[in-house]
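Just so it is clear: chains get the letters A, B, ... in the order the sequence lines come, proteins before strands, and each one is counted from 1. Bear in mind the structure is a predicted one, so any value in this text is a computation, not a measurement.
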Number of protein chains: 2
Amino acid sequence: MTVSRVLRNRGDVSEATREKVLEAARVLGYVPNKIAGALASQRVNLVGVIIPSLSNLVFPEVLTGISAELEDTGLQPVVGVTNYSPEKEEAVLYEMLSWRPSGVIIAGIEHTPAARAMLENAGVPVVEIMDVDGEGVDSVVGISHRRAGLHMAEAIVAAGYRKIGFLGTKMPEDHRARKRLEGFQEGLAASGLELVDTEFYSGGSALAKGREMTQTILKRSPDLDFLYYSNDMIGAGGLLWCLDQGIDVPGRLGLAGFNGVDLLDGLPRRLATMDACRREIGRKAAEIIAGRPHNGLIGGEVIELEPVIQLGDTVRRA
Amino acid sequence: MTVSRVLRNRGDVSEATREKVLEAARVLGYVPNKIAGALASQRVNLVGVIIPSLSNLVFPEVLTGISAELEDTGLQPVVGVTNYSPEKEEAVLYEMLSWRPSGVIIAGIEHTPAARAMLENAGVPVVEIMDVDGEGVDSVVGISHRRAGLHMAEAIVAAGYRKIGFLGTKMPEDHRARKRLEGFQEGLAASGLELVDTEFYSGGSALAKGREMTQTILKRSPDLDFLYYSNDMIGAGGLLWCLDQGIDVPGRLGLAGFNGVDLLDGLPRRLATMDACRREIGRKAAEIIAGRPHNGLIGGEVIELEPVIQLGDTVRRA
DNA sequence: GTGTGTAATGTTAGCGATAACGGCAGAGGG
DNA sequence: CCCTCTGCCGTTATCGCTAACATTACACAC
C-alpha cells in the first residue's frame, strides 16, 4: 500500500520511506501493472481515438492536436483506424470500449445504429469531430462542411467564374466530402448555376491523380473556367498540370482545394483553399475529454469552428 | 463462466445456450471488461508502437503497415509519440509497459539506458524499426541508413557530379538522418570528394523550407552541381525552386532526396530518391510480434531491407 | 498521566474477468 | 446393470492493484 502511495504521489508518505521505495523500484526494475490498477480504481488513463485513415494527411494532424493537448493531463490517446468502413468502425469502437477508456473521440457523426448505441451508453464523454452537420451523441467539435462548400461556391462565383467543375474522391463513406459537394452545389444554385462536369477517382497518389483527372475533365469539357477539388492534394496535382500546360491560372482557369494543408506551402502558386482547422479540432476535442469532470462541462457542447477561405493565387481577385 | 465462454468462443457451449447469451448481451448492451479479462488471463491484445512524430509522413505509413498486418490477429496497436525526445520516449515506454502489451515496436535503436533496460526486461517481443545500424535489444527491422547514404553518394559520383552540397534537418536526435549523412560523406570520401557546403533547417513547411534552403545554399556556393536532401519534401521544394529559376535539372544541377514518398508522384519531374521501405518495415515488425509464439521465432532476428535507388529525372543518366 | 490530533503505515475486501477443476446427465460398451 | 466417456455448465481461487478503514506512533496541551 505504501508503495502504491509513493508511485502515485497520493496520500502521506515520509520522505525517507518514499526514497526507499523509489530506490527499490529502480533496483528491481519494477513497473506497476496498470491493468490491475485500473481494475481496482475504475480509472483508465486512456482516450480512444477513432479515425478513418492515417494516409490522409488530415488525421495525423488531428492526432497531433490531440496528443499535444493531452500531453500533461496524464491521459494517453489510443488510436483505432476504420478505413472508412462503418462495420470496422463498430468493431473498433467495441474493442475500445471494452478497455473502459476515459473518453472517446471519433471522426464523423454518421455511425451504425449499434455504434451509436454504444456511444450513448458508454458512460464516458464522447466527442465526435470534424463535422457539425447533423446530430451528435454528446459533444461535437468541427466545421460545417456544407457551409464550407457553400462559401467556396459563393467566393468562386463572386470572382466571376461561371463554368465550374468538381473533382473528388469516389468514396460514398466520406460524408464530409459529400457534404462539401452538396453545399457547393447549393451555393452555385443560389446564383442560378450548376456544376458543368465532375470527375471522381479512387486510390493512388493524390498528386498524380490530380494531374490525370484535370487532364481528363478539361479534355471532356474544355470550356470549364473553374475546378473545385475535394482536397488540396489533388488540387495541387491539378495546379502543377495546368502550369505545365501553360494554362493561365487564375485568369483562364481558377482552382481551389480544401483543407489548407501547410505541407503544400511552397508550390509555385498558393492554391486557394479553406483551412479545416484540423489541429484546433484535435485540441478542442481533447480539451473536452480532459476537462470534463473538472470544468463543469456536462457534455453536449457543439463547438463549430469557422474555416477561413484563403484565395491564394489560383482565384482571380476582384 | 458460460458467458465468458460464449464471448470468447472457447470451450463447449450448446448452441441453445450460446444464442441465449448473445441475445442477452445484445439486449443489455453488455461490453466485456477487457481490463478484468487481461488481469485474469495475463493476456493483453495490445501492441505498443512508439514513434518520434506523426507529422513526418513516414511514420503514419509505417503505422499503416503495422495496422494492416495486425488486422486480423486480434492484436491492436497503441501509438505513443516522443517528439524525438529521449526522455519522452522513456516516459512513453514506461507508460506502455505498465499495460503489459503483447509486444513493443519502437523506432530507432538509440535509447536512454533506462529505456533500454526496460526493453530488455519487458518479457515480451520487442522490435526496433527503421534502422539496423547498431545493436538492437531483440529483433530489428529496417534499412541501413549509413549504406543508403553511401550508395546514394556512389550513384551521384558515378553520374559525374563533383561539387556536392547537403541540405537537412537540424535535429541531433534524428539518428537516421545523421547516419545517412555520415554514410554519404563516407561514399564521397571513397572518391576523394567531400561536401562542398551544407545547410540545415528546423520547423516549418518542408516544401517551403526546401525552396529557401536551396536558394540560400546556391547563393553561397553557386558552383554546386548536386544537392542531396535529407528528405523528399525539402527535396521537392528545392526541385520546384530550381524549375522556377529555369535551372537545368539534372544537367547543370542534380537533386536527390530520401524516402520515396509516393505522395510526391506527380511533380513536374520525379525526384531521385531511395525507398525507405516504410510500409514493409511496419508489416514485418508486426509480423514478428504477431507470430512470435507460433512460428518458432525466438527473437533476435535482424531483418535488413534493401532500399532501392530511384534515379527519377533529377540525376543525369550515363 | 491522560486525552486529542496528526502523520505515517497497515489490513481487508473487492474490481470483473479467467484458469482449473468439479459435477452431472446421457450415450454407449461390456 | 455398471462403468467410462463426452458434452455441458458451475464453483473457486486467483490476477495485482486501490478504496476505505484500522492501527500505530508520537507530539503536544491540559
Side-chain angles (χ1 to χ4, degrees), chain A residues 1-46 48 73-76 78 93-103 118 121-124 293-294, chain B residues 1-46 48 73-76 78 93-104 118 121-124 293:
Chain A
M1 198 57 226
T2 298
V3 171
S4 170
R5 275 192 269 258
V6 171
L7 264 35
R8 288 182 301 148
N9 278 320
R10 205 172 294 267
D12 297 319
V13 181
S14 73
E15 194 50 40
T17 317
R18 150 176 260 94
E19 290 298 340
K20 275 197 289 183
V21 169
L22 290 176
E23 171 64 12
R26 243 178 359 83
V27 171
L28 298 172
Y30 172 74
V31 178
N33 186 329
K34 284 230 170 163
I35 297 178
L39 183 61
S41 67
Q42 311 283 354
R43 261 192 301 267
V44 179
N45 69 337
L46 300 176
T73 61
L75 260 33
Q76 246 243 313
V78 179
L93 179 58
Y94 185 78
E95 170 72 18
M96 293 233 154
L97 289 181
S98 71
W99 285 98
R100 303 290 189 270
S102 293
M118 282 192 262
N121 301 321
V124 294
H294 311 302
Chain B
M1 199 56 229
T2 300
V3 171
S4 171
R5 275 192 269 258
V6 170
L7 265 36
R8 288 182 302 149
N9 279 319
R10 207 172 295 267
D12 298 318
V13 181
S14 73
E15 194 51 39
T17 317
R18 149 176 260 92
E19 291 298 339
K20 276 198 287 184
V21 169
L22 290 176
E23 171 63 11
R26 242 178 0 83
V27 172
L28 298 173
Y30 171 75
V31 178
N33 186 330
K34 284 230 170 160
I35 297 179
L39 184 61
S41 68
Q42 311 284 354
R43 264 191 299 267
V44 180
N45 69 337
L46 300 176
T73 61
L75 260 32
Q76 246 241 313
V78 179
L93 178 59
Y94 185 79
E95 169 73 17
M96 293 233 154
L97 289 181
S98 71
W99 285 99
R100 303 288 190 270
S102 292
V104 174
M118 283 192 261
N121 300 322
V124 294

Hey, are the side chains of B:T2 and B:V13 touching, using non-hydrogen atoms and a 4.5 Å cut-off? yes
B:R26/B:E23 ion pair, N-O < 4.0 Å: yes
Taking D:dA19, C:dA17, D:dC8 as options, the one with an atom nearest any side-chain atom of B:S14 is D:dC8
Nearest heavy atom decides the nucleotide; on that basis, is B:D12 or B:A36 closer to the 5' end of DNA chain D? B:D12
Taking CG from B:L39 and P from C:dA19, how many angstroms apart are they, rounded to a whole number? 12 Å
To the side chain of B:R8, which of D:dA19, C:dA19, C:dG16 is closest? C:dA19
Nearest-angstrom distance from the residue atom CD1 of B:I35 to C1' of D:dT18: 13 Å
For A:N33, which contact category applies under a 4.0 Å heavy-atom criterion: base, sugar-phosphate, or nothing? sugar-phosphate
Spacing between B:W99 atom CH2 and D:dC17 atom P, to the nearest angstrom: 13 Å
Between C:dT11, C:dC15, C:dA19, spot the one nearest the side chain of A:M1, thanks. C:dT11
Taking atom C1' of D:dT18 as reference, at what distance in whole Å does atom NZ of A:K34 sit? 14 Å
With sugar-phosphate meaning primed atoms plus P, OP1 and OP2, does B:R10 contact a base, only sugar-phosphate, or nothing at under 4.0 Å between heavy atoms? nothing
Distance below 4.0 Å between A:T2 side-chain N/O and C:dA8 OP1 or OP2: no
Would you state whether a donor and an acceptor, one from the side chain of A:R100 and one from the base of C:dG16, lie under 3.5 Å apart? no
Look at the side chain of A:T17 and decide which nucleotide, out of C:dA8, C:dA17, C:dG10, has an atom nearest to it. C:dA8
Could you pick out which residue, B:R18 or A:A40, lies toward the 5' side of DNA chain D when each is mapped onto its nearest nucleotide? B:R18
Between atom CG in A:N45 and atom C1' in D:dC17, what is the gap in whole Å? 14 Å
Residue pair B:P101 / B:V104: nearest heavy atoms and the distance that separates them: CG-CG2, 4.2 Å
Testing C:dG10, D:dC8, C:dA17 for proximity to the side chain of A:R5, the answer is C:dG10
Can you name the nearest heavy-atom pair linking B:A36 to A:L39, along with the distance? CB-CD1, 3.7 Å
Output yes when at least one side-chain N/O atom of B:Y30 is less than 4.0 Å from OP1 or OP2 of C:dA17, else no. yes
Only one of B:V78, B:V31, B:N33, B:N45 forms a side-chain contact (heavy atoms from CB on, under 4.5 Å) with A:W99, so which one is it? B:N45
Whole-Å distance, A:Q42 CD to D:dG16 P, equals 18 Å
